[in-house]
There are 2 protein chains.
Amino acid sequence: MASTLEDHSDPGTGASDAGAPVIGEGQKLSLSLWLQLMKCTKEIEAGVGGRLRKVHRQSLARFDVLSQLHRFGGDWAAVGEISSRVMTSSGNITALVDRMVAEDLIERRASPDDRRSHQLRMTGTGRAVFDEMTADHARWVDDALDGIDDVDKQRLIALLIDVRRAFEETKSESHIAQAAPGETR
Amino acid sequence: MASTLEDHSDPGTGASDAGAPVIGEGQKLSLSLWLQLMKCTKEIEAGVGGRLRKVHRQSLARFDVLSQLHRFGGDWAAVGEISSRVMTSSGNITALVDRMVAEDLIERRASPDDRRSHQLRMTGTGRAVFDEMTADHARWVDDALDGIDDVDKQRLIALLIDVRRAFEETKSESHIAQAAPGETR
DNA sequence: TGTAAATATTTTATATATTAATTAAATATC
DNA sequence: GATATTTAATTAATATATAAAATATTTACA
């Protein structure tokens, strides 16, 4: 779902808005960037995800699971490995895997090494479905970004990698003093 | 949830991968950009959304609904207006609104003008919760983007607006020939 | 060795999301 | 004015997501 699709960068004039939330000048730019990032991702995601759903009757979540399994090239992969790579909770991956197993897209077995662990692998059917989805997915994404020239795409990629690195650093810096309710700084 | 968190830009060597999906050279760059866009958004969303959930016991979806209602400054807003602005389905907004009404964050009434339509407004409680969330949200987003300088933020904003505009144009161009299963071009 | 702690996954409860079908009312058209 | 179409929202069925608790197993270590 969309999130924060509101430009808070204008805290308002104050007219008829006595207790308006106070947003600092320095935060406005960050909020505008976050808003654009969110809108851009959600809009394209809705487009590509909607087509994936309509054409292949599969969700982006399932496509992600298959994509990650594909990287293991036919080998078994631990459930935890997949769930962390697709950025979903352990509880969610269990249900997702259940449904994908029921549809014969993937198969699950107990790990031979660690009896706590389970492993996943694509089935032949899963591989076929994945290949079909992959081709369409790549074309749809490329279509969505059609109007952007290669130089701008490369600039964007570099900037987004910077943002992710900066965010990771922020997290690791603040990991000692975990946020208490109401105060983060 | 995360999506497409797999870099398809390398279609592989072909070794032990006979039927590998074919991805054109020109699509690789688009896929890399899409991957970074997705990862960047999802990672920050997980951080900010997780804190919002933990600290304020509210989802980003609810924050979005309150944000949109806030723009109406105390006036009633049509349910459809809100659902389209937060980019969610009519079915979802009904359930979301039900829960928010039950928690006294917002109130709902039949529209006086159009008897098909319903309207929403923040309650005093909702406004108070929104104000608290807004301050934290702005700070968390700013923290997440702490390491990026203002010039790069502005570059990113401009580029993302370009991407959204390009995507909208693509959609309106292809709206006549809607994609049939398996063939989009 | 025995016990505590950590790890991997599942289960449970619930929230959030989609699509399709339904209901009700407004609008268009003849 | 009667009928068909469109519009607005809800309902129903189901998928996807989270957090918290439970289960089972491995690892650490006194």
Side-chain angles (χ1 to χ4, degrees), chain A residues 1-5 42 45-66 76-103 105 108-120, chain B residues 1-5 42 45-66 76-103 105 108-120:
Chain A
M1 116 121 251
S3 307
T4 326
L5 302 181
K42 300 290 174 182
E45 190 179 20
V48 174
R51 292 171 103 164
L52 206 61
R53 204 175 279 268
K54 186 173 291 182
V55 175
H56 297 282
R57 301 282 150 187
Q58 298 292 331
S59 64
L60 276 169
R62 288 163 179 229
F63 182 56
D64 284 343
V65 170
L66 293 177
W76 292 94
V79 170
E81 183 73 24
I82 300 303
S83 72
S84 67
R85 284 174 183 273
V86 303
M87 282 177 61
T88 196
S89 62
S90 59
N92 189 44
I93 201 74
T94 297
L96 192 51
V97 163
D98 283 345
R99 289 184 295 264
M100 292 177 78
V101 167
E103 289 184 29
L105 294 170
R108 171 168 41 188
R109 74 170 188 191
S111 167
D113 311 318
D114 185 334
R115 290 169 61 193
R116 295 168 300 181
S117 187
H118 284 203
Q119 299 178 322
L120 307 174
Chain B
M1 118 120 254
S3 305
T4 327
L5 301 181
K42 300 290 175 184
E45 190 179 20
V48 173
R51 291 171 103 165
L52 205 62
R53 205 177 278 268
K54 187 173 290 183
V55 175
H56 296 282
R57 300 283 150 186
Q58 298 292 331
S59 65
L60 276 168
R62 289 163 178 229
F63 183 55
D64 285 343
V65 170
L66 294 178
W76 293 94
V79 169
E81 183 73 24
I82 300 303
S83 73
S84 67
R85 283 175 183 273
V86 303
M87 284 179 60
T88 196
S89 63
S90 58
N92 189 44
I93 200 73
T94 298
L96 192 51
V97 162
D98 283 344
R99 289 185 295 264
M100 292 177 78
V101 167
E103 289 184 29
L105 295 170
R108 170 167 40 189
R109 75 171 187 189
S111 167
D113 311 318
D114 184 335
R115 289 170 61 192
R116 293 169 301 180
S117 186
H118 284 202
Q119 299 177 323
L120 307 174

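Being a predicted model, the structure only gives us computed values, none of them experimental. Within every chain, numbering begins at 1; the chains are lettered A, B, ... in the order of the sequence lines, protein sequences first and strands thereafter.
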*Asks:* Output yes when at least one side-chain N/O atom of A:His118 is less than 4.0 Å from OP1 or OP2 of C:dA8, else no.
*Replies:* no
*Asks:* Just to confirm, is there a sub-4.0 Å distance from OP1 or OP2 of C:dT23 to any side-chain nitrogen or oxygen of B:Arg115?
*Replies:* no
*Asks:* Using the test salt bridge (Lys or Arg N to Asp or Glu O under 4.0 Å), find all partners of B:Arg116 that sit at least two apart in sequence or belong to another chain.
*Replies:* B:Asp114
*Asks:* In whole angstroms, how far is the P atom of C:dA20 from the NZ atom of A:Lys54?
*Replies:* 8 Å
*Asks:* Could you work out, with salt bridge (Lys or Arg N to Asp or Glu O under 4.0 Å) as the rule, every residue matching B:Arg108, not counting sequence neighbours?
*Replies:* B:Asp98
*Asks:* In whole Å, I'd like the distance from the CE atom of B:Met100 to the C1' atom of C:dT16.
*Replies:* 13 Å
*Asks:* What nucleic acid atoms does A:Ser59 come within less than 4.0 Å of, heavy atoms only: base, sugar-phosphate, or nothing?
*Replies:* sugar-phosphate
*Asks:* For C:dT16, take OP1 and OP2 only and decide whether either is under 4.0 Å from a side-chain N or O of B:Arg99.
*Replies:* yes
*Asks:* In whole angstrom, what separates A:Arg51's CZ from C:dT19's P?
*Replies:* 14 Å
*Asks:* Is there a side-chain contact between A:Arg108 and the phosphate of C:dA8, meaning an N or O under 4.0 Å from OP1 or OP2?
*Replies:* no
*Asks:* Provide, to the nearest angstrom, the distance between the CG atom belonging to B:Asp113 and the P atom belonging to D:dA9.
*Replies:* 12 Å
*Asks:* May I ask you to evaluate whether A:Thr88 reaches the phosphate of D:dT18, defined as a side-chain N or O under 4.0 Å from OP1 or OP2?
*Replies:* yes
*Asks:* Between B:Asp98 and B:Gly50, name the one whose nearest nucleotide on DNA chain D is closer to the 5' end.
*Replies:* B:Asp98
*Asks:* Starting from P on C:dA8, measure out to CD1 on A:Ile82 and report it in whole angstrom.
*Replies:* 14 Å
*Asks:* Take B:Gln119 and A:Ala95, find for each the nucleotide of DNA chain D with the closest heavy atom, and name the residue whose nucleotide sits nearer the 5' end.
*Replies:* B:Gln119
*Asks:* Are OP1 or OP2 of D:dA8 and a side-chain N or O of B:Ser90 less than 4.0 angstrom apart?
*Replies:* no
*Asks:* Could you tell me whether B:Ser111 contacts a base, only the sugar-phosphate backbone, or nothing, with contacts defined as non-hydrogen atoms closer than 4.0 Å?
*Replies:* nothing
*Asks:* Which nucleotide in the list C:dT9, C:dT16, D:dA9 gets nearest to the side chain of B:Ser117?
*Replies:* D:dA9
*Asks:* List the residues meeting salt bridge (Lys or Arg N to Asp or Glu O under 4.0 Å) with B:Arg99, not counting sequence neighbours, and say none if there are none.
*Replies:* none
*Asks:* OP1 or OP2 of D:dT18 sitting under 4.0 Å from any side-chain N/O of A:Ser89?
*Replies:* yes
*Asks:* Taking the side chain as everything from C-beta on, heavy atoms only, tell me whether B:Met100 gets closer than 4.5 Å to B:Leu66.
*Replies:* yes
*Asks:* Please, which pairs that meet salt bridge (charged side-chain N to carboxylate O under 4.0 Å, His left out) have at least one residue in residues 86-96 of chain B, sequence neighbours excluded?
*Replies:* none
*Asks:* Rounded to the Å, how far apart are B:Asp114 CG and C:dA25 P?
*Replies:* 10 Å
*Asks:* Rounded to whole Å, please give me the gap between CD1 in A:Ile93 and P in C:dT11.
*Replies:* 14 Å
*Asks:* For nucleotides 2-7 of chain C, list the nitrogen or oxygen atoms of the protein found under 3.5 Å from its nitrogen or oxygen atoms, one pair per line.
*Replies:*
unit_1: C:dT7; atom_1: O2; unit_2: A:Arg116; atom_2: NH1; d: 2.9

*Asks:* Got a sec, which residues hit side-chain contact (heavy atoms from CB on, under 4.5 Å) with B:Gln119, two or more places apart in sequence or on another chain?
*Replies:* B:Trp76, B:Arg109, B:Ser111, B:Pro112
*Asks:* Base, sugar-phosphate or nothing for A:Arg57? Non-hydrogen atoms, less than 4.0 Å.
*Replies:* nothing
*Asks:* Please state how far atom CG in A:Leu96 lies from atom P in D:dT18, giving the value in whole angstrom units.
*Replies:* 11 Å
*Asks:* Decide yes or no for B:Gln58 and B:Glu103: does some side-chain heavy atom of the first lie under 4.5 Å from some side-chain heavy atom of the second?
*Replies:* yes
*Asks:* Is the shortest side-chain heavy-atom distance between A:Thr88 and A:Val65 below 4.5 Å?
*Replies:* no
*Asks:* Which part of the nucleic acid, if any, lies within reach of A:Gly91 when heavy atoms closer than 4.0 Å are counted: base, sugar-phosphate only, or nothing?
*Replies:* base
*Asks:* Would you say A:Thr94 reaches C:dT10's phosphate, i.e. side-chain N/O to OP1/OP2 under 4.0 Å?
*Replies:* yes
